[in-house]
> 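First the structure, which I've put down as structure tokens, then a few questions once you've had a look.
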Amino acid sequence: MHYPLYFTPDEQAALIEAVKAGVVTAPFYQPTMPRTGTPLSVVMSNFGSLGWVTDKEGGYRYESRHPKNGAPWPPLPNLLSRLWEDVSGWPAPPEACLINWYHKQKTSMGLHVDQDELELNAPVVSVSLGDPAMFRIGGTTRGGPTQGIKLFSGDVVVLGGTSRRCYHGVSKIFFGESALVPRGGRINLTMRRVNP
Ligand code: MD3
Ligand code: FE
């Protein structure tokens, strides 16, 4: 489900303020791929009792603390808890909210499936802020056709049912089109249920 402009401009600004406050104690860090140590192009942080992290040594995982400074993740902002209750249809709250900042012109995210959660039946709820992005979603197997959807600031996407297990990624950021994010780019907030 795509909810275009779910959040008003004032709410979008409040979400950016919440991110700015959160990254005081849990700063954006450069995630790296398991084993190879290749950096991802986005920088990341999290809100919630668990955060999704990755580095060369530890691989993809959920952790209750920041991988660089050991700080607990800041609590989920109320606007996001309310969003989850409104659109997820899931009886339990999300433990994790990953913050992806597409902070440079060339940032993207290759096609992948989210499968580090024990609970794969809960939907994923995503919020786009700042510059638009071309989001791509395919099927449940690698290599098939994909559909592109341009996502704008304030849009919400809910991936439930079969779509939860689909390949997806971000092929392009329309860098410099929005003034919402300080220093520019796009911020994506992705809420997930981790444990059954
Ligand atoms: C479709 N993030 O962090 S959010 C990710 O815009 C991720 O930053 C993208 O993919 C971003 O893992 C896309 C939308 C999204 C999130 C999870 C999904 C789409 C999904 C899981 C299954 C299918
Ligand atoms: Fe993903």
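Worth knowing before you read on, the calculation uses all heavy atoms, side chains too, and leaves out hydrogens, waters and symmetry mates. Order of listing sets the numbers, starting from 1, for every ligand and every atom in it. Quantities reported herein were computed from a predicted structural model and do not represent experimental measurements.
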> Report, in ascending order of atom number, the atoms of ligand 1 lying under 4.0 Å from any heavy atom of Leu98.
3 (O)

> Tell me every residue that passes salt bridge (charged side-chain N to carboxylate O under 4.0 Å, His left out) with Arg165, counting only those two or more places apart in sequence or in another chain.
none

> Check for me whether Arg192 has a heavy atom closer than 4.0 Å to any atom of ligand 1.
yes

> Looking only at protein heavy atoms, identify the closest one to atom 19 (C) of ligand 1 and say how far it is in Å.
Leu159 CD2, 3.3 Å

> Looking only at protein heavy atoms, which one is nearest to atom 11 (C) of ligand 1, and how far off is it?
Tyr102 OH, 3.1 Å

> Could you work out, with side-chain hydrogen bond (donor to acceptor under 3.5 Å, both in side chains) as the rule, every residue matching Arg65, not counting sequence neighbours?
none

> How far is atom 3 (O) of ligand 1 from the closest protein heavy atom, and which atom is that?
Asn100 OD1, 3.0 Å

> Does NZ or CZ of Lys172 fall inside the cone over Phe174's six-membered ring, less than 6.0 Å from its centre and within 45° of the axis?
yes

> Could you see which bit of Val113 sits under 4.0 Å from ligand 1, with heavy atoms only: side chain, backbone, both or neither?
neither

> Scan Asn100, Asp114, Asn46, Asp116 and name whichever one has a side-chain hydrogen bond (donor to acceptor under 3.5 Å, both in side chains) with Trp52.
Asp116

> Please list, in number order, the atoms of ligand 1 under 4.0 Å from a heavy atom of Cys166.
22 (C), 23 (C)

> Where does Ser126 meet ligand 1, judged by heavy-atom distances below 4.0 Å: at the side chain, the backbone, both, or neither?
side chain

> Classify the side-chain pair Tyr62/Glu117 by whether it contains a donor and acceptor separated by less than 3.5 Å.
yes

> In this structure, would Leu151 and Leu83 fall into the same cluster of hydrophobic residues linked by side-chain contacts under 4.5 Å?
no

> Among protein heavy atoms, which lies nearest atom 4 (S) of ligand 1, and at what distance?
Asn188 OD1, 3.4 Å

> What protein heavy atom sits nearest atom 16 (C) of ligand 1, and how far away is it?
Val124 CG1, 3.6 Å

> Do any protein N, O or S atoms sit under 2.8 Å from the Fe ion (ligand 2), and which ones are they?
His112 NE2, Asp114 OD1, His168 NE2

> Would you say Leu79 and Phe7 make side-chain contact, with heavy atoms under 4.5 Å?
yes

> Judged by atom type as modelled, is there a donor-acceptor pair below 3.5 Å linking the side chain of Asp55 to the main-chain atoms of Pro67?
no

> Using the rule that two of Ile, Leu, Val, Met, Phe, Trp, Tyr join whenever any of their side-chain heavy atoms come within less than 4.5 Å, decide whether Val43 and Ile99 are in one cluster.
yes

> Check Met109 against ligand 1 and report side chain, backbone, both or neither, counting heavy atoms closer than 4.0 Å.
side chain

> Which of the numbered atoms in ligand 1 are under 4.0 angstrom from any heavy atom belonging to Val170?
6 (O), 9 (C), 11 (C)

> Can any side-chain N or O of Trp73 pair as donor or acceptor with the backbone N or O of Cys97 at less than 3.5 Å?
no

> Which residue and atom name correspond to the protein heavy atom nearest atom 13 (C) of ligand 1, and how close is it?
Phe135 CE1, 3.8 Å

> Would you say the side chains of Ser153 and Gln12 form a donor-acceptor pair under 3.5 Å?
yes

> Within the side chain of Asn188, is there an N or O that forms a donor-acceptor pair under 3.5 Å with the backbone of Val127?
yes

> Near Glu119 CD, under 6.0 Å, is it more than 12 heavy atoms from other residues, nucleotides or ligands?
yes

> Should Arg164 be counted as touching ligand 1, given the test is an N or O pair under 3.5 Å?
no

> Applying salt bridge (charged side-chain N to carboxylate O under 4.0 Å, His left out), can you list everything that pairs with Glu11, at least two apart in sequence or on another chain?
none

> Students should be able to answer this: which protein heavy-atom is nearest to atom 21 (C) of ligand 1, and at what distance?
His168 CE1, 3.2 Å

> Using a 4.0 Å heavy-atom cut-off, which part of Arg186 comes near ligand 1: side chain, backbone, both, or neither?
side chain

> How far is atom 23 (C) of ligand 1 from the closest protein heavy atom, and which atom is that?
Ser163 O, 3.0 Å

